[in-house]
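Report on one structure; see the data block that follows.
In this chain, numbering begins with 1 at the start of the sequence shown. We count ligands from 1, going down the list as the structure has it; atoms in each ligand are counted the same way.
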Amino acid sequence: MPGYSISQVDTMKLCVVMVGLPARGKSLIARKIVRYLSWLSITAKSFNVGEYRRGYQSHPTAEFFDDENLESLKIRKQALKLALDDLIDWFNNSNGMVGVLDGTSMTREKRESIYNILKTNQIQPLFLESFCNDQETIMHNILDVKMTSPDYINDESKSDDNKIDSEMKINIKDPEFIINDFLKRISYFEKSYEPLDQQKDSDKSFIKLINVAQQIIINRIETYLQSRIVYFVMNLHIKPRTIWLSRHGESMYNLEGKIGGDAGLSPRGLKYAEKLPELVRQSAGYRDLTVWISTLKRTAETSQHLPYKKLQWKALDELDAGVCDGMTYEEIENKFPEDFKARDDNKYEYRYRGGESYRDVVIRLEPIIMELERQENILIVTHQAVLRCIYAYFMNVPQEESPWMSIPLHTLIKLEPKAYGTTVTRIKANIPAVSTYKEKGTSQLGEDLTDTSNKSKNIIISAKEELFNGTR
Ligand SMILES: Nc1ncnc2c1ncn2[C@@H]1O[C@H](COP(=O)(O)OP(=O)(O)OP(=O)(O)O)[C@@H](O)[C@H]1O
């Protein structure tokens, strides 16, 4: 049986309607909401109105966004209509639960019309405005994401450079042009912008983020799902940060092929613990960071030489194998053959007798993810299954694939979340360890490194690699 999840709490379809001027982080927030909800098994999808508009006008200059330009106004209205149509289709035909309409929804009149269309289709609207008047943040955002926006960058697949150049009559890669053009675009939007207002919009459910999360106004938050979204967006920040992930060093149980338990480290595991501070220093420099470990001995031993503040989290403990705790996979296959097969068939949902499933682990990790969103530089030393779940959140790995990802021992993984993706670097310690990877359909441990057909297993392996030799 799948565990309890927030997806079962509200049955109502919900549409988050983004509101705000360009370069206010709307798309970024929209994508993060979708990633967070999908990780919690809530079917979510974002519909970006700009992408629909690009179907008609791929490289517009600022004047395209002038409301007095009737020709382009028609195109913009059409793009919004197509995005809304697709969103409603998705709710009706793909069991959608939370859709995000990622446009600007500048005026009260436009929002009212979106509100009515959604209500007619039994979809609950939740407006989410990112309001920002801090010029430094706006300029940072333009430099961060708009210099590489498809609006300004030539799409190779269209390969008609001359046409685009003549349409825009500019050098599309000129940064100064992009900044000025984008600022002009914003000024056109400003002419009609009507921010959400506590009095005028008092009948609507809305969240208003002011200057990232300096101030937050919420209005008519009525359902559990809405309140989860409020809580999530409240915790987002835009400061640069890095997250390092490491499994504990090789344990005595790992050597014996046993799962679970609370064993200490093997001699090679202890060597990894000794090398870890150097590995981290090499990657983090002199940044201050906090180390999060589980309550199990092997993570405490692994982190013992790290010269940083440490926090223990029960939620970071390894997936509970219930009655199979302390057994080898071979023993499990002999003693519980049906369970062994059931787990291979659906590893995400399978719950060990008296223990946990991956889904259960995800649910207990939610506070960890929330806290990670709030924090800056964190190193997490934890266990294979837990690490897979955390990695899946940052890298948007689908549930059916995440339990099969390969995360080897004695390897430090560096995640750098950026505006539109996360950079991964894998740093090997060069200290041998057993493989604890179990392929589907066998009880033997070890990876077939020549087999490149298993997409999920290779997700982490394909990350950029850095071999650490301690001499750099
Ligand atoms: N709450 C926020 N307020 C201001 N900036 C933010 C916020 N959240 C994220 N950002 C920043 O916004 C940038 C991403 O901008 P994004 O493209 O998502 O803006 P947008 O509002 O969707 O713009 P457009 O309307 O042109 O599509 C990133 O640099 C990110 O750091």
Report the nearest protein non-hydrogen atom to atom 11 (C) of ligand 1: residue, atom name, distance rounded to 0.1 Å. Asn141 OD1, 3.3 Å

Below 3.5 angstrom, do we get any N/O pair linking Thr104 and ligand 1? no

Close-contact set for ligand 1 against Phe182 heavy atoms, below 4.0 Å: 26 (O)

Would you say Ser94 and Thr43 make side-chain contact, with heavy atoms under 4.5 Å? no

Residue Leu21 vicinity, atoms of ligand 1 by number, heavy atom under 4.0 Å: 21 (O)

With a 4.5 Å limit on heavy-atom distance, are the side chains of Tyr393 and Arg35 in contact? yes

May I ask you to identify, for Met18, whether its side chain, its backbone, both or neither come under 4.0 Å of ligand 1 on a heavy-atom basis? neither

I need the nearest protein heavy-atom contact for atom 16 (P) of ligand 1: residue, atom name and distance, please. Tyr420 OH, 3.2 Å

Out of Ala213, Gly20, Pro22, Ser130, indicate the one that has the non-hydrogen atom closest to atom 3 (N) of ligand 1. Ser130

So do the side chains of Ile407 and Arg247 get within less than 4.5 Å of each other, counting heavy atoms only? yes

Side chain or backbone of Val212 under 4.0 Å from ligand 1, or both, or neither, by non-hydrogen atoms? both

What part of Phe65, side chain from CB on, backbone N/CA/C/O, both or neither, has a heavy atom under 4.0 Å from ligand 1? neither

Using a 4.0 Å heavy-atom cut-off, which part of Asp102 comes near ligand 1: side chain, backbone, both, or neither? neither

Within the 4.0 Å heavy-atom shell around Ser27, which atoms of ligand 1 are there? 18 (O), 20 (P), 22 (O), 27 (O)

Closest protein heavy atom (residue, atom, distance) for atom 30 (C) of ligand 1: Leu28 CD2, 3.6 Å

Taking the side chain as C-beta and beyond, is there a heavy-atom pair between Leu14 and Ile229 under 4.5 Å? yes

According to ring-ring contact (aromatic ring centres under 6.0 Å, His included), does anything in residues 99-148 pair up with another residue at least two apart or in another chain? List the pairs. none

Where ligand 1 meets Ile29 - atom numbers and elements under 4.0 angstrom, heavy-atom basis: 1 (N)

Arg374 atom CZ, neighbour heavy-atom count above 12 within 6.0 Å: no

Purely on distance, is any nitrogen or oxygen of Cys132 under 3.5 Å from one on ligand 1? no

Does any N or O in the side chain of Asp66 come within less than 3.5 Å of the main-chain N or O of Ala62, such that one atom is a donor and the other an acceptor? no

Is there a donor-acceptor pair under 3.5 Å between the side chain of Asp86 and the backbone N or O of Phe47? no

Taking the basic N atoms (NZ, or NE/NH1/NH2) and the acidic carboxylate oxygens, is any pair closer than 4.0 Å for Glu68 and Lys191? no

Crowded around Asn95 CG? As in, over 12 foreign heavy atoms under 6.0 Å? no

Among all protein non-hydrogen atoms, which one is nearest to atom 23 (O) of ligand 1, and what is the separation to 0.1 Å? Ala23 N, 2.9 Å

protein heavy-atom neighbour closest to atom 14 (C) of ligand 1 works out as Val145 CG2, 3.7 Å

Does the ring of Tyr272 carry Arg298 above it, NZ/CZ under 6.0 angstrom from centre and within 45° of its axis? no

Applied to residues 12-32, the ring-ring contact (aromatic ring centres under 6.0 Å, His included) test, sequence neighbours excluded, yields none

Nearest non-hydrogen protein atom, atom 28 (C) of ligand 1: Asp144 OD2, 3.5 Å

Atom 4 (C) of ligand 1: closest protein heavy atom, distance to 0.1 Å, is Arg24 O, 3.5 Å

Atom 25 (O) of ligand 1 - nearest protein heavy atom and its distance: Lys26 NZ, 2.8 Å

